Amino acid sequence: MAPTYKLNYFDVRGRGEPIRFIFHQAGVSFEDNRISKEHWGTIKPTTPFGKLPFLEEDGKVIVQSLAIERYLARKFKLIGKDEWDALQCDAVQAFFEADAAKKEEKKAAVINDQAPFYLSRFDEQVKKNGGYLVNGQLTWADLHFVATLQVTCDMLGKDVVASHANLAAHREKILNLPNIKAWVAKRPTTPF
Amino acid sequence: METQYKLTYFNGRGLAEPIRLLFAYAKVEYEDVRIEKPQWPSMKPTTPFGKLPILEFDGKKVGQSVAICRYLGKKWNLTGKDDWDSLQCDVLVDTLGDLKQQVGQYRMEQDPAIKEEKKQNLIKETIPFYLQKLEQIVKENDDYLVGGQLTWADFQYAASLENFELIFGKEALDQYPHLKALKERVFELPGIKEWVAKRPVTEF
């Protein structure tokens, strides 16, 4: 019997959205539990390490958004065709994780230096990989990338992707995937 | 034909050491390239995303030390017994990453007053918060992190716990006997023991 899933996160896109994208693209249902700030105080001590998101799979608690995404991607066959592809999916993620913490104080530096530095490389990568991040096929890397970049652009107040033609086309393509398009049209509107 | 591996990093343990520990344990040969700071600016643009370490093999180049460890862990049967164990390796290594990020923020802090405040916060709250929970997990797993057996996650932890003792003192792990036992056991493993005896002694 298929497992039941419940995603627990704040009522924002943030680190939860890539997970939501993966579930929607795979067509797998899940409870999208959004925790309010008031509620978080009581829930926090019950979590493994005091953080969100956490995913419940048949009641077993899993933390760490990237670990969750990778685990689901493997289950739902969104991880490429071999271990090299899987490695490439991983190699794409950490740029955003590393820089997420710096955004508040360093918006200008991100917009003027880091974003162009990384995005021009990703742009090349998408160009060389048939319009996807990894090996000419849709993987969780594409879903993570687009969901997270939307959050990043909202936080920066600037669409840093627009000037990179291949990435802009990539974003269009991912957002036009039928399940993703349907989700984005109906998801709660949040600042990030 | 055997794959030729070349690992490139700065001359330090840093982010590369868990990778070196994996190679040592698996007894797989690799070229351990350590570059000096002056070489870095010209090398940087040749790397996938301007960072080290990178691993090269079969004409391919890849960055991201944790991703590399996961890949090699899979190759050498160090990911536990099933997908759930693999997931736990990821969970615990990324959790360690969260803690390392906090420690990193303290070490990078320039303002001495704020730095001291961050240090106190780390020592009194953040570190005990994490290490007490991790201690419990390791205790429940026979002094391993996952599934009661050696996985690539143990190498990440061993390298970090070694650095932890260097930053906070040799007694820093005394309150966490299972974490300490984990670290000591990894460093006593055949292959690793020999590596540690001969590796360059570096500041970081």
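The structure presented is a predicted model; accordingly, all values stated were derived computationally and were not measured. Sequence lines set the chain letters: A, B, ... in the order given, protein chains first and strands last, and positions in each chain run from 1.
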Answer yes or no: are there more than 12 heavy-atom neighbours, outside [X] itself, under 6.0 Å from its atom [atom1]?
| X | atom1 | value |
| --- | --- | --- |
| A:Lys181 | NZ | no |
| B:Glu29 | CD | no |
| A:Lys37 | NZ | no |
| A:Arg34 | CZ | yes |
| B:Tyr9 | OH | yes |
| B:Lys180 | NZ | yes |
| B:Glu116 | CD | yes |
| B:Lys60 | NZ | yes |

Once you round to the nearest 0.5 Å, how far does [atom1] of [X] lie from [atom2] of [Y]?
| X | Y | atom1 | atom2 | value |
| --- | --- | --- | --- | --- |
| B:Gln64 | A:Leu87 | CD | CG | 9.5 Å |
| A:Leu55 | B:Leu87 | CG | CG | 9.0 Å |
| B:Arg70 | A:Asp90 | CZ | CG | 4.0 Å |

task = Assess whether side chain to side chain contact (heavy atoms under 4.5 Å, CB included) is satisfied between A:Gln64 and B:Asp98, documenting all intermediate values.
result = CA-CA 10 Å; A:Gln64 289 296 340; B:Asp98 284 351; 2.9 Å; yes
request  = Measure up the B:Tyr130 and A:Phe49 rings against each other and bin them: parallel (under 30°), tilted (30 to 60°), perpendicular (over 60°).
outcome  =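 Ring orientation of B:Tyr130 relative to A:Phe49: parallel.
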query = Do the side chain of B:Lys74 and the main chain of A:Glu83 share a donor and acceptor less than 3.5 angstrom apart?
reply = no
inquiry  = Cation-pi check for A:Phe117 against B:Lys44: NZ or CZ below 6.0 Å from the six-membered ring centre and within 45 degrees of the axis, yes or no?
reply    =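 Yes, cation above the ring, under 6.0 Å and within 45°.
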query = Looking at A:Ala91 and B:Gly63, what are the two nearest heavy atoms and their distance?
reply =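 Nearest heavy atoms, A:Ala91 then B:Gly63: CB-O, 4.0 Å.
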inquiry  = Which heavy atom of A:Thr47 sits nearest to which heavy atom of B:Lys133, and what is that distance?
reply    =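 Of all heavy-atom pairs spanning A:Thr47 and B:Lys133, the closest is O-NZ, 4.1 Å.
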Side-chain donor-acceptor distances from residues 154-165 of chain B under 3.5 Å, at least two apart:
{"from": "B:Asp154", "atom 1": "OD1", "to": "B:Leu145", "atom 2": "N", "distance (Å)": "3.0"}
{"from": "B:Asp154", "atom 1": "OD2", "to": "B:Thr151", "atom 2": "N", "distance (Å)": "2.8"}
{"from": "B:Tyr157", "atom 1": "OH", "to": "B:Leu92", "atom 2": "O", "distance (Å)": "2.8"}
{"from": "B:Ser160", "atom 1": "OG", "to": "B:Lys100", "atom 2": "NZ", "distance (Å)": "3.4"}
{"from": "B:Ser160", "atom 1": "OG", "to": "B:Gln156", "atom 2": "O", "distance (Å)": "3.3"}
{"from": "B:Glu162", "atom 1": "OE1", "to": "B:Arg199", "atom 2": "NH2", "distance (Å)": "3.3"}
{"from": "B:Glu162", "atom 1": "OE2", "to": "B:Arg199", "atom 2": "NH2", "distance (Å)": "2.5"}
{"from": "B:Asn163", "atom 1": "OD1", "to": "B:Arg13", "atom 2": "NH2", "distance (Å)": "2.8"}
{"from": "B:Asn163", "atom 1": "ND2", "to": "B:Ala159", "atom 2": "O", "distance (Å)": "3.4"}
{"from": "B:Glu165", "atom 1": "OE1", "to": "B:Lys183", "atom 2": "NZ", "distance (Å)": "3.1"}

inquiry  = At a 4.5 Å cut-off on heavy atoms, which part of A:Lys75 comes close to chain B: side chain, backbone, both, or neither?
reply    = neither
query = Where on A:Glu124 is there a heavy atom nearer than 4.5 Å to chain B: the side chain, the backbone, both, or neither?
reply = neither
request  = Side-chain contact test, heavy atoms from C-beta onward, threshold under 4.5 Å: evaluate it for A:Leu66 versus B:Asp90 and give yes or no.
outcome  = no
Carboxylate-amine/guanidinium proximity below 4.0 Å for A:Arg74 and B:Asp83 = no
task = Step by step, work out the side chain to side chain contact (heavy atoms under 4.5 Å, CB included) result for B:Val62 and A:Trp84.
result = CA-CA 10 Å; B:Val62 68; A:Trp84 174 256; 4.1 Å; yes
Worked check of side chain to side chain contact (heavy atoms under 4.5 Å, CB included) between A:Glu57 and B:Trp84 = CA-CA 11 Å; A:Glu57 179 187 67; B:Trp84 180 261; 4.0 Å; yes
request  = Output the option from A:Gln125, A:Lys60, A:Lys51, A:Arg121 having the highest count of non-hydrogen pairs under 4.5 Å with chain B.
outcome  = A:Arg121
